[in-house]
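Just below is one structure, and these are the notes that go with it.
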Amino acid sequence: MTTVQPKTFLKDSVAFPFCKGCGHHHYVHNLDRALSSLQLDPKKVCIVSDIGCIGILDSLFVSPHTFHTTHGRSTAFATGVELADGILNDSKLKTVVVIGDGGATIGLLHVVNAALMNVDVTVLVANNMLYGMTGGQHSGFSPLEFITPTTPEGNIVPPMDICAMIKSCGAEYVTSISATDKNLTNVIADAIAHPGFALVEIVELCTEFAIGNNKIDGKTIQAMAEQHNAATLPATFKRKEFCEEYKSKVLGHPSKIKNDALTQRYISSLHGTRRWVIAGTAGEKVQLSSYLLMRAGILCGLHATQKNDNPVTQGSGFSLSEVVLSSEEIYYTGIDVPDVVIISSAEGLKEVTANGTISRSNKQTVIIMEDSLPEITTSARIYRVPLRSMCTPQRATTSAVAAFIARELVIPIEAIVDSIQMHVGEKVSLYQDDIKKLLPLLS
Amino acid sequence: MSIQQIKIRTGNQMIAEGALHAGCQFFAGYPITPASGIYKSMIEELPRRNGVAISSPDEISALAYCVGASARGAKAMTATSGPGWSLMIETVQYALMTELPVVIAVVQRLGPSTGGATQGAQGDILLTEYCTSGAYTIPIFAPSTAEECFEVASLAMFWAEELRTPVIILSDKEIGMMSEDVNFSSLVSSPVNYRKQPVNNDTDGYKTYNFKSLADVPLFSPIGGEHKTTITGSAHDKGGSLQKNSPETIEVLRHLQKKITSRAEEMAFVKTDDDPNADILIISFGITARTAREAVKLARKQGMRVRLVNVISLFPIPEKLLKKAAKGVHTIFIAEENLTGQYRSVIQHLFAGTIVIGINSFGKMITPNDILGCITL
Ligand SMILES: Cc1ncc(C[n+]2csc(CCOP(=O)(O)OP(=O)(O)O)c2C)c(N)n1
Ligand code: SF4
Ligand SMILES: [Mg+2]
């Protein structure tokens with residue numbers, strides 16, 4: 001399909017909404033000339049604008065897609081557009097972010113992240129050193145001593161050099177230029193043409209709020225742009241654009257979803273519900289033992305739920321699991337009175353004491369606990385066994401689960417052995433030995 | 001029961017499965033307990049199905065990436081919990097205003113603030129529904145089992161596309177992080193759909209937000225497509241031009257609400273455990289609905305006549321279904337895991353003349369005995 005390249009992307013004879021002399025006039029004209037000079041199909045151009053005086057330029061454009069977004073977030077929306085375009089559609093859309101210094105202040109992280117990713121977005125920061133639309137308040141880009149309604153004594157915080165900052169994020173096309181520089185069209189065009197992240201800081205004047213109280217003119221602005229542009233663009237660009245990188249490294253690997261569907265192989269004599277609490281120390285396979293128990297139940301056609309708990313830091317302190325097995329659909333997933341409690345360590349004991357598991361246990365409850373732990377008071381039936389020394393701390397809870405199943409025979413022992421074997425393979429024999437040793441201690 | 005298709009899954013994993021089944025193409029995430037499981041599942045699986053699953057530097061970016069991708073035509077989703085949700089709110093409002101479909105799974109935990117990361121709660125009902133400046137209805141669906149997570153994810157994707165609007169899946173820590181047996185042979189899903197698009201030859205007449213009747217959903221054309229799109233979060237006319245309070249702009253704003261409320265009855269979805277002669281009604285949702293089901297089982301053993309309604313479509317409020325369920329009962333109990341009875345506060349006006357009592361808990365799950373204790377008093 002051939003498209004006629006328009007001379008301008010702007011609407012005919014529409015008045016710009018900016019104050020007289022506002023630097024945004026230069027910004028819009030140069031952006032338009034840059035787009036035309038690149039001979040882009042307007043349907044393959046998206047202007048993502050931010051909030052502020054600069055943000056309303058979207059209404060001036062007639063042919064490209066326009067996306068007028070929220071304060072500071074334009075670069076994030078643009079990143080989303082580009083990701084969907086470059087990876088899902090391969091259509092080589094050119095996405096240009098139009099953002100002020102205010103937007104770049106509140107939304108800095110979005111610019112940083114787009115630069116880190118090297119996504120093909122061009123960010124054109126209209127830096128007039130203040131929040132124009134809201135009445136000229138200072139921004140993170142206001143120079144020292146700058147007088148604004150919110151810095152009546154002069155700004156005492158130095159301005160951000162966004163070029164230096166974004167260069168440090170690995171961005172390859174970063175430059176600063178005055179809005180009145182005659183090279184501006186070319187610079188914007190180069191930035192847009194660059195097949196990766198690009199940022200141009202366009203230093204401007206807000207005629208409404210910046211002048212009057214401040215000694216600022218074309219020369220100061222030129223100097224500021226040059227200072228921010230101290231490092232020149234590299235001779236060659238080395239980084240791969242993010243979508244290309246994603247397509248080559250992340251996309252399209254074969255699915256990892258394994259067929260883990262379970263088939264009923266055993267029959268359980270359980271009618272009703274069994275509620276288990278298993279407690280021990282993080283890193284000692286407590287939650288795994290619960291999973292293996294749950295799977296054994298499912299292998300017998302039972303319904304099962306499993307909930308895990310641990311302190312906020314996941315690798316230390318206690319580890320606790322609750323498993324409900326039932327011959328019927330499980331509605332209530334909590335455990336008021338546990339049927340079986342297994343405690344393999346002091347951390348585990350502390351937790352089941354603190355969370356009320358022990359106090360809620362009653363005569364029907366069986367507690368199997370490591371024999372070196374202190375005495376507990378409960379009406380539950382307690383078996384104190386040397387879980388840690390007999391089975392090793394790593395196998396303690398799983399072997400206790402399996403031994404209790406072997407003793408009770410409500411779930412056939414083969415089901416839990418099968419479930420363990422599915423996880424550890426040949427090493428299941430170690431667990432079978434544990435069961436043999438534990439079984440006499442549970443009668 | 002066909003045992004062949006039983007898999008052990010968490011609710012979070014099933015939300016991911018449901019979204020993938022519904023054709024989700026884009027996911028952006030940021031870690032937060034108890035929602036991280038959805039993020040992890042999508043990162044693992046979506047790129048393998050040639051979709052994009054991306055990590056963002058914060059929740060504002062996560063949702064903005066999704067909305068940007070949606071504007072480019074992708075079916076998009078993100079997931080978070082209360083603290084991340086509060087960062088997303090401005091962007092949800094934006095998606096609503098710009099009529100860009102997106103699904104957000106909010107997996108509730110104990111608040112306020114960062115609260116209890118590993119403790120369950122149902123305290124974000126009003127925070128999610130009433131988050132918009134301007135008071136618009138956001139469809140919210142709440143699952144109560146891992147299987148329903150699949151069903152609800154596909155439902156949420158369906159309505160987001162159908163209505164061109166953000167839709168929320170309101171899950172909670174218990175449902176999200178608990179593993180259970182899921183029968184894959186009996187999973188329920190909605191039709192796989194895509195937002196309606198204009199026929200391509202009419203490029204000149206295209207307006208980004210065009211509609212005839214207020215309830216119509218504008219035809220969608222993506223950024224980068226054949227039609228010039230003019231997307232804006234500012235008050236706008238049908239063509240997307242910024243306008244202050246012109247009659248057409250006010251019409252567009254009213255349409256944003258009307259397109260949703262006019263479909264309320266189609267979205268209405270409750271699951272009823274019925275007793276036709278019930279004199280007591282229990283209303284609940286999410287994790288507490290399944291606890292209530294246990295309580296109802298026990299109550300019936302004691303000879304009580306109880307009906308249970310598990311509300312899946314929390315918003316728009318399924319008014320007709322709730323009123324119908326209340327017929328013939330003398331007392332209604334509304335069970336939810338928050339202190340102030342958030343859902344009760346917005347539905348009890350439906351039941352004038354009937355006693356309405358809240359069953360509430362905070363920081364711990366409601367138990368069947370809690371419910372039984374209340375309804376037998
Ligand atoms: C979240 C949010 N906070 C505050 C505002 C108010 N606001 C509108 S424009 C603006 C400043 C814009 O400044 P800048 O980006 O530099 O653009 P300029 O007006 O100078 O062109 C602010 C703070 C807003 N729209 N959204
Ligand atoms: S207030 Fe300042 S930035 Fe805004 S249009 Fe006027 S001169 Fe330009
Ligand atoms: Mg500014």
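Numbered from 1 within each chain, the chains take letters A, B, ... in sequence-line order.
- Between S61(B) and A76(A), the closest heavy-atom pair is CA-CB, 4.2 Å.
- The OG1 atom of T95(A) lies 9.0 Å from the CZ atom of R72(B); values are rounded to the nearest 0.5 Å.
- Comparing V67(B), T367(B), T118(B) by heavy-atom pairs within less than 4.5 Å of chain A, the highest count is held by T367(B).
- Most heavy-atom pairs under 4.5 Å with chain B, from the set P64(A), S59(A), S74(A): that is P64(A).
- For chain B, the option among H110(A), E329(A), E82(A) with the highest count of heavy-atom pairs below 4.5 Å is H110(A).
- Interface with chain B: from residues 245-255 of chain A, residues Y246(A), V250(A), L251(A), G252(A), H253(A), P254(A), S255(A) qualify, criterion being any non-hydrogen pair under 4.5 Å.
- Interatomic distance, OG1 of T263(A) versus CD of Q5(B), reported as 9.0 Å (0.5 Å rounding).
- At a 4.5 Å heavy-atom cutoff, the contact between I287(B) and chain A is made by side-chain atoms alone.
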Original post:
Under the side chain to side chain donor-acceptor pair (under 3.5 Å) criterion, do N369(B) and Y332(A) qualify, and how do the steps go?
Top reply: CA-CA 11 Å; N369(B) 282 332; Y332(A) 179 52; over 6 Å; no
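- Interface residue S234(B): only side-chain heavy atoms are found under 4.5 Å from chain A.
- Contact of the Q306(A) side chain with the I8(B) side chain is not registered, since no non-hydrogen atoms from C-beta on lie closer than 4.5 Å.
- Residue E45(B) touches chain A through its side chain alone, counting heavy-atom pairs closer than 4.5 Å.
- With respect to chain B, the highest number of heavy-atom pairs below 4.5 Å among R73(A), R295(A), H71(A) belongs to R73(A).
- Residue V62(A) touches chain B through its backbone alone, counting heavy-atom pairs closer than 4.5 Å.
- With hydrogens and angles disregarded, a donor-acceptor distance shorter than 3.5 Å links the side chain of K44(A) to the backbone of G224(B).
- Ranked by heavy-atom pairs under 4.5 Å with chain B, the first of L93(A), D58(A), I87(A), T70(A) is T70(A).
- At a 4.5 Å heavy-atom cutoff, the contact between E174(B) and chain A is made by side-chain atoms alone.
- Checking side-chain atoms of H65(A) against main-chain N and O of I223(B) turns up no donor-acceptor pair under 3.5 Å.
- The candidate with the highest count of non-hydrogen atom pairs below 4.5 Å against chain A, out of A69(B), G68(B), A117(B), is G68(B).
- For the atom pair CG (L88(A)) and NZ (K75(B)), the distance works out to 12.5 Å, reported to the nearest 0.5 Å.
- Chain A forms the most heavy-atom pairs under 4.5 Å with one residue out of V52(B), T98(B), L46(B), T288(B), and that residue is V52(B).
- Per-residue counts of heavy-atom pairs under 4.5 Å with chain B were compared for I47(A), T69(A), T79(A); the largest is that of T69(A).
- T91(B) touches chain A through its side chain: at least one heavy atom from C-beta onward sits under 4.5 Å away, while N, CA, C and O do not.
- Rounding to the nearest 0.5 Å gives a distance of 8.5 Å between CD1 of I330(A) and CE of M178(B).
- Put simply, the side chain of D181(B) never gets that close to the backbone of H303(A): no donor and acceptor are under 3.5 Å apart.
- If you take NZ on K228(B) and NZ on K43(A), they are separated by 9.5 Å, rounding to the nearest 0.5 Å.
- Residues satisfying the ring pair (Phe, Tyr, Trp, His ring centres under 6.0 Å) test with F27(B), not counting sequence neighbours, are none.
- Partners of F197(A) according to the ring pair (Phe, Tyr, Trp, His ring centres under 6.0 Å) rule, which considers only residues two or more places apart in sequence or in another chain, do not exist here.
- Proximity to chain B is limited to the side chain of N113(A), based on heavy atoms less than 4.5 angstrom apart.
- The most heavy-atom pairs under 4.5 Å with chain A, out of G225(B), A74(B), G233(B), come from G225(B).
- Only the side chain of D336(A) has a heavy atom closer than 4.5 Å to any heavy atom of chain B.
- In this structure, F77(A) has its ring center under 6.0 Å from that of Y94(B).
- Listed options T232(B), T230(B), T229(B) were ranked by heavy-atom pairs under 4.5 angstrom with chain A; first place goes to T229(B).
- Ranking H236(B), K7(B), R293(B) against chain A, the residue ahead of the rest is R293(B), based on heavy-atom pairs under 4.5 Å.
- The shortest side-chain heavy-atom distance between I54(B) and L83(A) falls under the 4.5 Å cut-off.
- The existence of a salt bridge linking K297(B) and E328(A) is confirmed by a sub-4.0 Å separation between a basic side-chain nitrogen and an acidic carboxylate oxygen.
- Under the ring pair (Phe, Tyr, Trp, His ring centres under 6.0 Å) criterion, H68(A) pairs with no residue at all, not counting sequence neighbours.
- Residue contact with chain A, scored on non-hydrogen atoms closer than 4.5 Å, involves the side chain of L100(B) exclusively.
- Residues T333(A) and R290(B) are in side-chain contact: their nearest non-hydrogen atoms beyond the backbone lie under 4.5 Å apart.
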